[in-house]
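To keep things clear, I will list the structure first and then write my remarks on it.
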Amino acid sequence: MASYHFNSIEENWQKYWAENKTFKAENISDKPKYYVLDMFPYPSGAGLHVGHPLGYIASDIVSRFKRHKGFNVLHPMGYDAFGLPAEQYAIQTGQHPAITTHENIIRYRKQLDRIGFSFDWDKEIRTSNPDYYKWTQWIFIQLFNSWYNPKTNKAEDISSLIKIFEKNGYQSDKINFTKLEWRKFTEKQKTGELLNFRLAFLSEIMVNWCPALGSVLANDEIKEGVSERGGYPVERKLMSQWSLRISAYADRLLNDLETLDWTDSIKEAQRNWIGKSEGCSIKFEVDSNVLTQIPINNSGEIVKAPSKAKNSSVSFEAADKDTYHKLIKLAKTQKENPTKEEDILWKILRDRQFENIKFRKQYIINKFIVDFVSFEYSLILEIDGLIHSLPDNIISDENRTLILNELGFKILRFTNDEITNNVESVLNKIKDFIKYYKPSCNSTAEKGIKARSDNKEDEAKEIYTLENNIDNPIENSFFIEVFTTRPDTIFGVSYLTLAPENELVLQITHKDYLEPVLEYINTTKKRSERERQADVKNITGVFSGTYAKHPFTGKQIPIWIGDYVLAGYGTGAVMAVPAHDSRDYAFAKHFNLPIKEVVLPEKEVLLIGEDFGGASYDLKIGKMINSDFLNDLDVKDAIKKAIQTIEEKQLGKGKINFRLRDAVFGRQRYWGEPIPVYYDNGIPKTMDESDLPLILPKVDKYLPTETGEPPLARADNWQYKGNPLENTTMPGWAGSSWYYLRYMDANNTEALANKNAINYWQNVDLYIGGSEHAVGHLLYSRFWCKFLKDIGIVPFEEPFKKLVNQGMIQGMSMLIYRVNEENKFISFGLKDNYQTTPIHIDINLVSNNVVNIEGLKKWRPSEFQNAEFELEDGKLLCGNEVGKMSKRWHNVVNPDDICIQYGADTLRLYEMFLGPLQDAKPWSTQGIEGVHRFLKKTWRLFHNNANEDFAISQEEPTKAELKILHKTIKKATEDIENFSFNTSVSAFMVCVNELQDLKCNKLAILEKFIILLSPYAPHITEELYKLCGNQQSIEKAEWPLFNAEYLIENEFNYPISFNGKVKFNLNFALDKDLKEIENEVIANEQTQKYLEGKAPKKIIVVKGRIVNVVV
RNA sequence: GCGGAUGUGGCGUAAUGGUAGCCGCGCCAGACUUAGGAUCUGGUGCCGAAAGGUGUGGGGGUUCGAGUCCCUUCAUCCGCACCA
């Protein structure tokens, strides 16, 4: 008895492969290498569903094929083991996430093994293993120790930058110091400056804070305003964070896309994400006639922007003179007559030695007197119950907070009661704050200190300054700098628009317009990102009351504030050209602002001054008009000319802008790689490499501390060399950004991988995975690869040469319909007679859309036991819905179940047979029978049907049999190379059907055929190969060679068509003269019938293809 | 809105510019069987009894010939989402 017992066959061969290490990849080999990689799975608690293996099967087929072709194949698998779900589970249950993760991995491994993948399991890796994350931390240290040198266009050791500073100082738009100043800087100041250059750096930035997850999320982890995992709300928050300077690599990441064999859609997604735009910055002088906010210092003097040395600083003590004098007077009174509470707090602040922190009392900032302020920490302390502002001040408390926050200050408020009765709590709050918010040189406040240090000798003249974006401002002048890609349209500018978040807004707003402007800022702030995104059509904005001067014409241009301008892009300000930008157009229309055309479209000539029929002309094609020196130029030339002129006149300069933001690298989370950084007296330093790995410590709870610090702060003795260690951990993408390198030499303790191994395996030849990683993982991996190349670790620029995206396998949900507010369910066809709600039920309760009602009652007795059912034809029919395969919809299909019922070979073949790998498709088990039947047929070819014995013939194959075989060899080889797996499965079926028709059981044919089939169905083919008398695994067999001679035909049955429509067929020898064929076709009596007595105009004969008669 | 992809039987799909629907599911008929949910044979786009006609989302074009190339339009799916 030898029928096809797939269960035992599959189990035996899986054991054999494991024991014999059949798929071991050698790091030293004479064979050519081939590296096939699957995207790193995260071992979730739900296990694998049938969608996951789709890509793994495809990559496994390619791997096995390449081995047959004589390649040394690296085909590894491992786990991206850090991640939020395990941590969420840990928070809920208290179980260490390592335990959960380990259990999940065991389950994954069992499921993977069952499908018969040819992974080299000796190379398995887990990102949560200290042996692995040691090297993730090591890479982080290298990033910290590097900066990007734009001259050499690569990362270099930070020491080369320090040398530059020592020799030349540094000058740029935003950072300026001389070599002498550099030498005078304290260590802290130097650290701060260097952080502006390190590829891993600490900075204070707006982050996406998800309170529910207790974590910061990257932009690509947010979908539609909520977190991708869990769907929790996300808010914007200013935080001190580790980031990676991916923006330094923006150009290389963009340009090298061209070298990659990836799909256009992924490349396009990355291009969009990087978002390069070439243009020009232009400065608009704010009209001094209307600028009422004269910078004034504490003494009531007008402060001139310190010329030259700190030329980019503008005073922020902006209040008009009248207001200011009132303030000074008030401050003085308040200082002299402190309240009881004020006095208590002041004494504490003065006496309690907050290391190096100086607090000032009753200090004027902007239009306000604050109670206490520390500039080192940008911290304001306020005691409720005190008068905060001028008695007649129109600014509300809310707006006051807003303005102070806007200036980069954080505010701690205490009540009188708190100060009188619980001074310790007040003290602790301040201490906690100071501990959590490290002083950062990137914060606006810190820059103030920097500026201030120049005027040390004159305390009275201390001013709090803020750096802005203005280059070389002329004294007492005030500029708004915009970024535009259309400098050619400079003469079409009818207004400027600032983003509401733009720091300049508060400076330029006319005092009469302050209230509506503040109100507008507040409204836009309250609107969540989500609302703002969803609501593009709703145009909002407000006039600032101030005008700017056109740089060429000198004309007055109104300055508006509008939330259609993004604060984070360019300078957060635009020059609006409504005639040639649809967003500006919509805004101008809404507020009735002038529209001036300056580009004449090429084709349709529009009358000047006339509206463009409700739209703007945005294309960069046409001739310039109404544009002074640009007139009559083509747009493209005008752009060049405009930039040139603007640069000559020093009104701005050519600039390239990227949308790509630096990547936030810290998570307020436990289950991730600890960041190997400690704080020596507040200065961030990396650990010695020899002390790595920095092991994730034990904590009592996986939650933030009471003071809001990340869970690592709970660890005992979380210190290095007596200094506090960093409390945040690395994000999920850290470990997965370089894992492909670790597989090359997974157990190396000396390096992330041995140099020879890296040189042998090089980059990944084929990478298969879902397109959901288009911009996250794939961009970060490219970034790290380029960095590792710069520092000499890898010899290649790109990690993944060819990328194939498998389509998602969707789930088919089963829906039954409950009558609203009744416990009654209606069959699909009758549901329209009622008001119903669809309910998802377990797909196992349904076959052919018929619901098993008894099963349903057992599945959820509470819901269905006593329910009423309205049937059609005695059946309860359900509806279907295609969507995500998920536990939630009860539509998960587990590959284990398929393996038990049909076997792994059937599952593998079927997943490939479903359709093109790249296409998304809903999972349906309909059709799996056909694939299973095919395998049974294949098995029978090798067996005598009568007694089911293995029976194979040694006879010489016939020409017909060889033709079938070689046709299949050709198709199978081409299809694998084209990733067209579905068509090759179909070719195998054709082959078996035809061999069966010929009753062929010849070894010479069948043995070759099963080698072709073996990458797809490895178990059954191993078994048959062994039965054929082979001692070795089929894996070692050579791929059959295709011989075209067997396919040569000597005659062809030509379709005869008339005007392209086929009417009948005629048989001719293939070497027959084409003219003769033509003659015979004309002579044929059937032809005469279709000619209807007319003479043919023309006859086309294509050899071996077709005959077409033109009538 | 912009960008990308896809539209072919009841279903999954196939077709170097050359006979549209290969292969599989489902369905119909039959054979072998105590039985079949095993296996085998034949049929199966649609209309039509047949002859024949018609047919690849719609419209137009190029070509001797278009599912395939071009233009246009519609629908669905996926990205990006005011990037100046």
Side-chain angles (χ1 to χ4, degrees), chain A residues 3 224 263-269 271-277 279-280 482-487 489 497 499 532-537 539 562-566 568-577 580-584 586-587 618 657-660 771-772 774-775 805 807-808 810 848 882 909-910 913-916 918-934 936-937 940 945 980 982-993 996 1053-1065 1096-1102 1104-1111:
Chain A
S3 61
E224 290 163 18
T263 60
D264 288 339
S265 66
I266 296 264
K267 286 204 234 180
E268 193 58 29
R271 274 188 207 109
N272 287 340
W273 196 259
I274 296 167
K276 181 176 181 171
S277 47
C280 168
V482 303
F483 174 74
T484 178
T485 55
R486 294 295 301 275
T489 61
T497 316
R532 242 170 103 169
Q533 276 173 20
D535 189 17
V536 174
K537 275 171 206 151
I539 295 158
D563 73 349
Y564 80 98
V565 176
L566 301 176
Y569 186 77
T571 59
V574 301
M575 57 174 224
V577 185
H580 305 291
D581 183 288
S582 40
R583 296 153 302 178
D584 295 338
F587 195 82
D618 292 11
N657 234 309
F658 291 98
R659 198 182 78 110
L660 184 70
S771 55
E772 66 272 20
V775 283
N805 291 115
M808 200 179 43
Q810 294 145 314
N848 278 332
V882 173
L909 272 170
Y910 183 59
F913 185 66
L914 273 172
Q918 293 87 343
D919 291 4
K921 50 231 151 199
W923 176 265
S924 150
T925 321
Q926 287 193 349
I928 199 166
E929 294 280 351
V931 170
H932 189 63
R933 239 169 255 161
F934 157 72
K936 285 201 273 192
K937 270 190 210 172
R940 262 201 316 278
N945 268 340
S980 177
N982 57 325
T983 51
S984 49
V985 177
S986 146
F988 294 142
M989 290 176 171
V990 172
C991 180
V992 165
N993 287 348
Q996 187 181 263
N1053 196 22
Y1054 283 87
I1056 313 298
S1057 60
F1058 294 81
N1059 292 337
K1061 302 226 180 248
V1062 176
K1063 296 297 176 185
F1064 58 94
N1065 288 49
K1097 280 184 192 152
K1098 196 175 173 187
I1099 298 180
I1100 291 119
V1101 183
V1102 185
R1105 287 258 176 240
I1106 203 165
V1107 178
N1108 192 17
V1109 184
V1110 185
V1111 186

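Per chain, numbering begins at 1; letters A, B, ... match sequence-line order.
Here the nucleotide nearest the side chain of A:R659, chosen from B:rC80, B:rA38, B:rG3, is B:rC80. Side chain of A:Y569, nearest nucleotide from B:rU13, B:rU19, B:rC83: B:rC83. Taking only side-chain atoms of A:I1106, from C-beta outward, the nucleotide of B:rG3, B:rG18, B:rC80 with the closest atom is B:rG18. Looking at the side chain of A:L566, the nearest of the listed nucleotides B:rA15, B:rC83, B:rC40 is B:rC83. Residue A:N1065 places its side chain closer to B:rU19 than to any other of B:rC64, B:rU19, B:rC40.
Residue A:R583 has a polar side-chain atom (N or O) positioned under 4.0 Å from OP1 or OP2 of B:rC83.
Straight-line distance from the NZ atom of A:K1061 to the C1' atom of B:rA20: 12 Å, rounded to whole Å.
Using a 4.0 Å heavy-atom criterion, one finds that A:K936 contacts the sugar-phosphate atoms exclusively. Counting any heavy atom pair closer than 4.0 Å across all strands shown, A:L914 reaches sugar-phosphate atoms only and no base atom. As judged by a 4.0 angstrom heavy-atom cut-off over every strand, A:P916 is placed among residues touching the sugar-phosphate backbone only. If you check every strand for non-hydrogen atoms under 4.0 Å, A:V1110 touches sugar and phosphate atoms only.
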For this session: Sugar-phosphate means primed atoms, P, OP1 and OP2; the rest is base. With that split, encode nucleotides 21-26 of chain B 5' to 3' as B, S or - using protein heavy atoms under 4.0 Å.
Result: -BBSS-
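By the rule that a glycosidic angle within 90° of 0 means syn, B:rG42 does not qualify and counts as anti.
The base of B:rC64 is paired with the side chain of A:N1108 by a donor and an acceptor separated by under 3.5 Å.
Of the two residues near RNA chain B, A:A269 and A:K1063, the one whose nearest nucleotide lies more 5' is A:K1063.
Evaluation of the ring-ring contact (aromatic ring centres under 6.0 Å, His included) rule for A:Y1054 yields A:F1052, A:F1068 as partners, not counting sequence neighbours.
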